[in-house]
Protein chains: 2
Amino acid sequence: MSTEERLERAMRLCTGRGARLTPQRARVLRILIEAERPLGAYEILAEMAGGQRALAPPTVYRALEFLLAQGLVHRLETLNAFIDCRHPERPHPAQFLICSACGRVVEIDDEAIAARLLDAASQSGFAPSRKVVEVIGVCEGCR
Amino acid sequence: MSTEERLERAMRLCTGRGARLTPQRARVLRILIEAERPLGAYEILAEMAGGQRALAPPTVYRALEFLLAQGLVHRLETLNAFIDCRHPERPHPAQFLICSACGRVVEIDDEAIAARLLDAASQSGFAPSRKVVEVIGVCEGCR
DNA sequence: TACAAAACGTTATATTGTATCTTTTCGTCA
DNA sequence: TGACGAAAAGATACAATATAACGTTTTGTA
Ligand SMILES: [Zn+2]
Ligand SMILES: [Zn+2]
Ligand SMILES: [Zn+2]
Ligand SMILES: [Zn+2]
């Protein structure tokens, strides 16, 4: 699926929800899609600055906040970075494999893990709202 | 298990490994144990400053680095905070339930989750080194 | 066209984490 | 015991990440 197709899908999703994927927000999403790796907020900022007047951090953080809320991107807690979601149509357990050698990230959405986690939380009387699962390791290509 | 007992256990573990739990490091560990909640590095720093000359951030970060390496504390990625481990005798899957209302954190060590996660990683050709599992939600008492 | 809400711009600042170099402490062994 | 090298701690400066606060522009709508 091409960058353009993904952007169009994102636009459809947003309009369908009454949310506005403004040019600014779409630009941040495009940068993340084209990067094909997680980017820090300030990396995105640097990308956006290229070619026009410099923008300030809140611009990027606000766009990211929107994109996160729409499920179009995920935040990687262990990297303080952001990555676009490959299937943002519906909410899903967001679980990540992060290669510490090449930096590449794979999103897996294993329902069994999510279910087991929910189960464990319930046993402790816990009502989960967000599940962070990030596995740091070395990918196949890097071994 | 009392604070003193935990500190003694930590000391035993370290000496048994040829690692040095210096007064400085023990102090950081004590602060974390007595807090009974996760603390940020700068919160620890503030605690340590009480009563004597101010210390600098690297002091705390270095102590934390040591304590993390010894498995005496864990880092909570979603909070940028640290918490002492209740059973540091051996390595274990560190999974956390974090209450967004009261801030309390429960460490669960569910081998099934860890195994399922390892399985999923293997299927993607991934050799995991560290697994971060943090569930944000609302605890029983806060509902 | 007026209006209110949402989005955006701008400045300043808060929070978290490191790099680097110096000084001190500690264990080891001549 | 005293010299020595390694580990730890002190100190300064700074980098990286994130948000507060407030004013301006844009946008959809009545
Ligand atoms: Zn996703
Ligand atoms: Zn790799
Ligand atoms: Zn633990
Ligand atoms: Zn609670």
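As the structure is a prediction and not an experimental result, all values here were calculated from the model.
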inquiry  = Whether the side chain of A:Thr15 engages the backbone of A:Met11 through a donor-acceptor N/O pair (distance < 3.5 Å, no angle test) should be reported.
reply    = yes
Scan the side chains in residues 134-143 of chain A for donor-acceptor partners under 3.5 Å anywhere in the protein, sequence neighbours excluded, and list what turns up.
from, atom 1, to, atom 2, distance (Å)
A:Glu134, OE1, A:Glu77, N, 3.4
A:Glu134, OE1, A:Thr78, N, 2.9
A:Glu134, OE1, A:Thr78, OG1, 2.6
A:Glu134, OE2, A:Glu77, N, 2.7
A:Arg143, NH2, B:Gly125, O, 2.8

remark   = Atom CG of A:Leu76 and atom P of D:dT17 are separated, to the nearest Å, by 13 Å
remark   = Once base and sugar-phosphate atoms are separated, protein heavy atoms under 4.0 Å mark nucleotides 6-17 of chain C, 5' to 3', with B, S and - as -SBBBB----BB
task = Go through the structure and list residues passing side-chain hydrogen bond (donor to acceptor under 3.5 Å, both in side chains) with A:Arg37, not counting sequence neighbours.
result = A:Glu43
request  = Under the side chain to side chain contact (heavy atoms under 4.5 Å, CB included) rule, collect the residues that match up with A:Asn80, sequence neighbours excluded.
outcome  = A:Arg75
message = Run the side-chain hydrogen bond (donor to acceptor under 3.5 Å, both in side chains) test against B:Glu4 and tell me which residues pass, sequence neighbours left out.
response = B:Arg30
query = If an axis is fit to five pairs at each end of the helix from C:dT1-D:dA30 to C:dA30-D:dT1, what is the angle between the two, to the nearest 10°?
reply = 20°
query = In whole Å, what is the span from the CG atom of B:Leu45 to the P atom of C:dT18?
reply = 15 Å
query = Got a sec, which residues hit side-chain hydrogen bond (donor to acceptor under 3.5 Å, both in side chains) with B:Glu89, two or more places apart in sequence or on another chain?
reply = B:Arg9
message = Applying side-chain hydrogen bond (donor to acceptor under 3.5 Å, both in side chains), can you list everything that pairs with A:Ser129, at least two apart in sequence or on another chain?
response = none
task = Would you kindly give the CG-to-P distance between B:Leu21 and D:dA8, to the nearest whole Å?
result = 11 Å
request  = Output all residues satisfying side chain to side chain contact (heavy atoms under 4.5 Å, CB included) with A:Ala19, sequence neighbours left out; order by chain, then residue number.
outcome  = A:Cys14, A:Phe66, A:Gln70
